[in-house]
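Notes follow once the structure below has been shown.
Any value given below was found using the heavy atoms of this structure, including those in side chains, with hydrogens, waters and symmetry copies removed.
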Amino acid sequence: MKQFISDFNKLVKLRLTLTVVFSASIAFLIGAKQQENVIWLNWLILTIGGFLVTGSANGFNEIIEKDLDRLMKRTADRPLPTGRMTTGQALVLSLFMGLFGTLLLVRLNFLAGLLSVFSIILYAFVYTPLKQKSPIAVFVGAFPGALPPLIGYYAAFKSAGFGFEYTAVSEAAIVITPWVLFLIQFFWQFPHFWAIAWVADDDYKNAGFRLLPTTKKDSISAWMIFISALIMVPAGFLPWYYGFGGTLFTIASLVGGLVFTYYGFQHLRHKTDETARKVMFTSFLYLPLTQLILLFDFIPFK
């Protein structure tokens, strides 16, 4: 049983899945706070459903990349390449998680469930095959990677067919809030994934992955990492600009964006794995911290 739990955690990429679920749950609470009505049972359903949907997408990803994972040190110990889990077992688990997770999310809101299906398809069956073919995979992958705030936010509203019912919240608020959260998470993924791609480039090359902007550790790739890190400064001002981000959040986002920019510039100057790691570790901290601060410094607008 202990080995199965360990293998299951690796199949669903537990740390990544928990990060995604955290992002969706924060967006749910923001949507509920906007309505002044937090239903904790629905939050729990979202958390479980989001975990299952994300785990399903990661499971399909590992099934497709089973033979490639054998070629990389960072993935060689996953359950499929080692043979500790068969493809059939992983497929059953992934299908079950995808179906049950989607049903849970549809129970909350049809649109949230629909977006969850779209995220599985886009991540597992579009982004995953593209990783060997073109650096555009990072751009494509940024879309499913930024969907959790949309899914979480919409799940906070009562389902009404393809839309949702709302009374105390204006139509503008419902459109602006989740899409701003989507954009911030969308932009964040470029310095995040490109920094990881720089650090893991040698390992990725063993599997034929082409994730750096030019597929090489060169000046253009370093410039792209720097520019994408710099974009996080204006991106962090979007909630303030649209009237729902408070002063504390704006200051935290500015500081985080400046740290991103500083390490991005250092990487542009030196172009080493160590400077890329600093960009990567900044990305690990930036998103959960700013999202948590926004939850407590959120200004509901009608």
Check your understanding: Do Ile136 and Val126 sit in the same hydrophobic cluster, where Ile, Leu, Val, Met, Phe, Trp and Tyr count as joined when their side-chain heavy atoms come under 4.5 Å apart?
Key -> yes
Exercise for review: State, to 0.1 Å, how close Gln189 and Ala142 come at their nearest heavy-atom pair, and which atoms those are.
Suggested key: NE2-O, 2.8 Å
Which atom pairs, one a donor and one an acceptor, fall under 3.5 Å between side chains of residues 37-54 and the rest of the protein, sequence neighbours left out?
residue: Thr47; atom: OG1; partner: Trp43; partner atom: O; Å: 2.8
residue: Thr54; atom: OG1; partner: Gly50; partner atom: O; Å: 2.8

Check your understanding: Which residues pass the ring-ring contact (aromatic ring centres under 6.0 Å, His included) test with Tyr263, sequence neighbours left out?
Key -> none
Point to revise | Residues Lys73 and Asp203 bridged, charged N to O under 4.0 Å | key: no
Check your understanding: Taking the six-membered ring for Trp, are Trp194 and Phe190 parallel (under 30°), tilted (30 to 60°) or perpendicular (over 60°)?
Key -> tilted
Review point. Does a salt bridge link Glu65 with Lys131, judged by any charged N lying under 4.0 Å from a carboxylate O?
Key: yes
Revision key, fill the gap. Sorted by chain and number, sequence neighbours left out, side chain to side chain donor-acceptor pair (under 3.5 Å) with Ser6 holds for none
Exercise for review: Mark yes or no for whether Ser221, through its side chain, and Lys217, through its backbone, hold a donor-acceptor pair below 3.5 Å.
Suggested key: no
Point to revise | Any donor-acceptor N/O pair, Arg70 side chain to Pro81 backbone, under 3.5 Å | key: yes
Point to revise | Hydrophobic cluster of Ile121, others only, ordered by chain and residue number, side-chain cut-off 4.5 Å | key: Val117
Practice item. Could you list all the salt bridge (charged side-chain N to carboxylate O under 4.0 Å, His left out) pairs where at least one residue sits in residues 109-123, not counting sequence neighbours? Key: none
Review point. Do Asn61 and Tyr123 come close enough that some side-chain heavy atom pair is under 4.5 Å?
Key: yes
Review point. What pairs with Thr290 under side chain to side chain donor-acceptor pair (under 3.5 Å), at least two apart in sequence or on another chain?
Key: none
Review point. Is there a donor-acceptor contact under 3.5 Å from the side chain of Ser25 to the main chain of Phe22?
Key: yes
Review point. How long is the gap from CG on Leu287 to OG1 on Thr282, to the nearest 0.5 Å?
Key: 13.0 Å
Exercise for review: Indicate the atoms forming the closest heavy-atom contact of Leu295 with Leu29, along with that distance.
Suggested key: CD1-CB, 3.6 Å
Practice item. Evaluate ring-ring contact (aromatic ring centres under 6.0 Å, His included) for Phe60 paired with Phe125, printing each intermediate quantity in order. Key: CA-CA 8 Å; Phe60 287 128; Phe125 304 109; 5.5 Å; yes
